[in-house]
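FYI, the numbering just counts along the sequence from 1.
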Amino acid sequence: MNRVTRIVLTVFTLALLSGCARSADLIRTAAMAERQDVFVTQAEGRPLPPGYAELRIVSLLKTHKPGVYSAADAHGTPGYTLLLNIGGQALELSGDPRPERKEPVGPRDPEAGDGMRYQFSRTLHVKAGTHRTVMAIPADAIAVEKEITLAEGSRNTLVLEPVYRKMPVRSRPWNYNATDFKEGIRSLRVVLNGVEK
């Protein structure tokens, strides 16, 4: 192994470890409730109070079935949860897992096949303003952090779209960029009112 290759591998490894440590920190942040006055969870169907904005959170994603890799694995079970932390207030969402068999739509459908479909959804009344927001899936060891700004009296939709991991090259050598839900989730794409954050 020449010197340049060693340097590249060292930088890549450090970046990978740094990214993992960052995600672990964000997951801890998402689970930590420092405040209880940023949002109201029982907001569905209730009038919006002065000084607040409505925030509807939606995420549809798919995982492998339970027990594929380990009996202790949360994938495919009710223990697979989505954590949110908005401005220091934490919330854990359950996704009501259901078996799903989907026929492929086109050659690159990342959700084709047998798995478990989750639908996370909750409507909150959030204090108007700008909030540091962390969204995490502990079972996949991923977390993302964004700032969201909500105007008083506004009604908003926050969509969290899964970004699945790539398939191993050996399983699809003709397509290096194919992703598949069976490989797990690499990140979450955050879209507020139709605009990616």
Cluster overlap [X] with [Y], hydrophobic side-chain contacts below 4.5 Å:
X    : Y    : result
L188 : L60  : no
L83  : I185 : no
L26  : I86  : no

Evaluate the side-chain proximity of [Y] to [X]: yes if any heavy-atom separation is below 4.5 Å, no if none is.
X    : Y    : value
E196 : R189 : yes
E147 : H131 : no
S59  : V159 : no
F39  : L91  : yes
V144 : V134 : no
L160 : L158 : yes
L150 : L55  : yes
L61  : Y80  : yes

Are the side chain of E152 and the backbone of G51 linked by a donor-acceptor contact shorter than 3.5 Å?
-> yes
May I ask you to decide if G79's main-chain N or O and T77's side chain share a donor-acceptor pair within less than 3.5 Å?
-> yes
Nearest-0.5 Å distance, [atom1] of residue [X] to [atom2] of residue [Y]:
X    : Y    : atom1 : atom2 : result
Q89  : L84  : CD    : CG    : 11.0 Å
D73  : K65  : CG    : NZ    : 14.5 Å
K182 : D180 : NZ    : CG    : 4.0 Å
E54  : R155 : CD    : CZ    : 4.5 Å
H75  : Y118 : NE2   : OH    : 8.0 Å
R186 : I142 : CZ    : CD1   : 9.5 Å

Derivation and outcome, side chain to side chain contact (heavy atoms under 4.5 Å, CB included), residues D96 and R98 = CA-CA 7 Å; D96 187 23; R98 296 179 183 213; 2.8 Å; yes
Ignoring hydrogens, what is the shortest heavy-atom contact between [X] and [Y]? Give both atom names and the distance.
X    : Y    : value
S94  : T81  : OG-CG2, 4.3 Å
T179 : M167 : C-CG, 4.1 Å
K62  : E100 : NZ-OE1, 2.9 Å
S154 : A151 : OG-O, 2.5 Å
A139 : A74  : CB-CB, 4.2 Å
V38  : G87  : CG2-O, 3.5 Å

For H64 and Y69, what are the C-alpha separation, side-chain angles and deciding distance, and is it a ring pair (Phe, Tyr, Trp, His ring centres under 6.0 Å)?
-> CA-CA 9 Å; H64 60 74; Y69 298 110; 4.8 Å; yes
Do the side chains of [X] and [Y] get close enough for a salt bridge, i.e. N-O under 4.0 angstrom?
X    : Y    : value
R165 : E183 : no
D114 : K102 : no
R117 : E111 : yes
K127 : D37  : yes

Working for side chain to side chain contact (heavy atoms under 4.5 Å, CB included), residues T157 and L192 | CA-CA 6 Å; T157 301; L192 179 64; over 6 Å; no
From CA spacing to verdict: side chain to side chain contact (heavy atoms under 4.5 Å, CB included), F120, I57 | CA-CA 8 Å; F120 299 97; I57 301 159; over 6 Å; no
Quick one: do E145 and M135 satisfy side chain to side chain contact (heavy atoms under 4.5 Å, CB included)? Show the steps, please.
-> CA-CA 6 Å; E145 179 182 25; M135 295 132 289; over 6 Å; no
